[in-house]
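The next block holds one structure in the form of structure tokens; read it before the comments.
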Amino acid sequence: MNIDDVQGDLTTVLFTEEQITNRINELAAEIDRDYDGLQPLLVGILSGAVMVMADLSRAMRIHCEMDWMAISSYGSGVASSGVVRILKDLNISVEGRHVLIVEDIVDTGLTLAYLIDNLKSRNPASIEVCAGFRKPDAASKNVPVKYLGFDIPGDFVVGYGLDYAGRYRNLRGLGVLDPAVYS
């Protein structure tokens with residue numbers, strides 16, 4: 001889905017498909033350098049991180065494994081509920097592995113802080129985070145993001161994996177959703 005297909009639903013286009021692709025390629029090069037000689041386990045967080053994970057892993061030049069978790073603190077609203085739940089756990093053990101968590105967005109940081117603590121208890125060799133987007137002004141937990149696509153404003157955004165009520169995930173860019181759509 002192109003930005004033009006939903007232009008009336010957005011107040012602002014923050015990043016185009018080209019800008020996102022260029023940044024993901026830069027992140028992949030950083031990861032390739034940092035994990036040279038290792039085979040990291042990329043842990044994608046469903047459903048939002050599907051786009052980031054797919055594009056990032058295809059841009060990487062080193063071998064990696066991939067697995068998925070589903071963790072929720074949202075439901076169908078536009079604000080975090082504050083309650084974190086694991087909906088789907090990993091199929092691969094992280095013990096002794098170099099784990100790279102791949103997130104679509106870091107908002108309050110509650111979900112990511114919970115996930116990092118949970119995975120640390122499983123004895124990985126290392127844990128780092130790659131996030132497509134981060135809302136620094138919304139953070140209530142300070143979580144380390146080693147590989148970051150973009151910092152964004154606190155507005156409700158959609159596209160590139162981020163949705164509102166299951167819509168807009170396949171939007172190729174990232175934009176601010178008009179409040180009239182969800183109010």
Side-chain angles (χ1 to χ4, degrees), residues 15 19-75 80-152 157 159-163 169-170 174:
F15 300 102
Q19 289 171 308
I20 293 170
T21 298
N22 289 341
R23 185 64 186 131
I24 292 293
N25 289 338
E26 291 170 356
L27 292 173
E30 289 177 41
I31 292 165
D32 285 344
R33 182 190 67 238
D34 293 350
Y35 288 89
D36 187 35
L38 305 173
Q39 185 172 319
L41 172 62
L42 306 184
V43 175
I45 308 305
L46 296 169
S47 292
V50 168
M51 304 303 180
V52 179
M53 182 89 136
D55 291 346
L56 180 70
S57 64
R58 289 183 297 178
M60 290 169 57
R61 300 183 65 107
I62 62 171
H63 290 285
C64 65
E65 281 188 79
M66 292 183 263
D67 202 352
W68 299 93
M69 290 183 84
I71 299 174
S72 177
S73 67
Y74 276 93
S80 175
S81 67
V83 177
V84 179
R85 299 178 302 140
I86 293 179
L87 306 175
K88 182 217 173 289
D89 208 342
L90 295 171
N91 295 321
I92 298 173
S93 171
V94 301
E95 186 171 352
R97 301 294 307 271
H98 295 282
V99 175
L100 179 60
I101 299 168
V102 180
E103 267 280 31
D104 54 353
I105 188 167
V106 178
D107 199 328
T108 64
L110 291 172
T111 303
L112 189 53
Y114 172 85
L115 177 60
I116 290 169
D117 287 345
N118 181 287
L119 292 177
K120 278 184 181 176
S121 74
R122 303 179 195 195
N123 302 313
S126 66
I127 296 179
E128 297 293 350
V129 175
C130 176
F133 308 99
R134 176 177 61 188
K135 292 182 179 180
D137 295 338
S140 60
K141 288 263 188 189
N142 185 20
V143 291
V145 178
K146 184 167 185 177
Y147 307 100
L148 176 65
F150 302 96
D151 276 328
I152 60 174
V157 296
Y160 200 66
L162 299 163
D163 76 311
R169 276 197 204 281
N170 60 329
L174 186 82

For the pair [X] and [Y], find out whether any cationic side-chain nitrogen is under 4.0 Å from an anionic carboxylate oxygen.
| X | Y | result |
| --- | --- | --- |
| Arg23 | Glu30 | yes |
| Lys141 | Asp117 | no |
| Asp36 | Arg33 | no |

Q: Assess whether side-chain contact (heavy atoms from CB on, under 4.5 Å) is satisfied between Ile105 and Val157, documenting all intermediate values.
A: CA-CA 10 Å; Ile105 188 167; Val157 296; 4.2 Å; yes
For residues 37-52, run the donor-acceptor check on the side chains, cut-off 3.5 Å, and write out each pair with its distance to 0.1 Å, sequence neighbours left out.
none

Residue pair [X] / [Y], side-chain heavy-atom distance below 4.5 Å:
| X | Y | value |
| --- | --- | --- |
| Phe133 | Phe15 | yes |
| Phe150 | Leu174 | no |
| Asn118 | Ile71 | no |

Q.
Applying the side chain to side chain contact (heavy atoms under 4.5 Å, CB included) criterion to Arg134, which one of Leu148, Val129, Ile152, Asp107 satisfies it?
A. Leu148
Q. Stepwise, does the side-chain contact (heavy atoms from CB on, under 4.5 Å) test hold for Asp55 with Ile20?
A. CA-CA 10 Å; Asp55 291 346; Ile20 293 170; 5.7 Å; no
Between [atom1] on residue [X] and [atom2] on residue [Y], distance to nearest 0.5 Å:
| X | Y | atom1 | atom2 | answer |
| --- | --- | --- | --- | --- |
| Trp68 | Asp89 | CH2 | CG | 15.0 Å |
| Leu27 | Cys130 | CG | SG | 5.0 Å |
| Glu65 | Ile92 | CD | CD1 | 4.5 Å |

Q: Answer yes or no: are there more than 12 heavy-atom neighbours, outside Arg85 itself, under 6.0 Å from its atom CZ?
A: no
Q | By side chain to side chain donor-acceptor pair (under 3.5 Å) - contacts of Asp34 (at least two apart) | A | Tyr147
Q | Lys146/Ile127 under side-chain contact (heavy atoms from CB on, under 4.5 Å): CA gap, chis, key distance, verdict | A | CA-CA 10 Å; Lys146 184 167 185 177; Ile127 296 179; over 6 Å; no
Looking at every non-hydrogen atom in both residues, tell me the closest pair between [X] and [Y] and how far apart they are.
| X | Y | answer |
| --- | --- | --- |
| Val99 | Pro124 | CG2-CB, 3.9 Å |
| Gly161 | Arg169 | O-NH1, 2.5 Å |
| Gly109 | Val143 | O-CG1, 3.8 Å |
| Asp32 | Ala59 | OD2-O, 4.3 Å |

Q: Determine, stepwise, if the pair Asp67 / Arg97 fulfils salt bridge (charged side-chain N to carboxylate O under 4.0 Å, His left out).
A: CA-CA 12 Å; Asp67 202 352; Arg97 301 294 307 271; over 6 Å; no
Q: Let me see the working for Val84 and Leu115 under side-chain contact (heavy atoms from CB on, under 4.5 Å), right down to the final yes or no.
A: CA-CA 9 Å; Val84 179; Leu115 177 60; over 6 Å; no
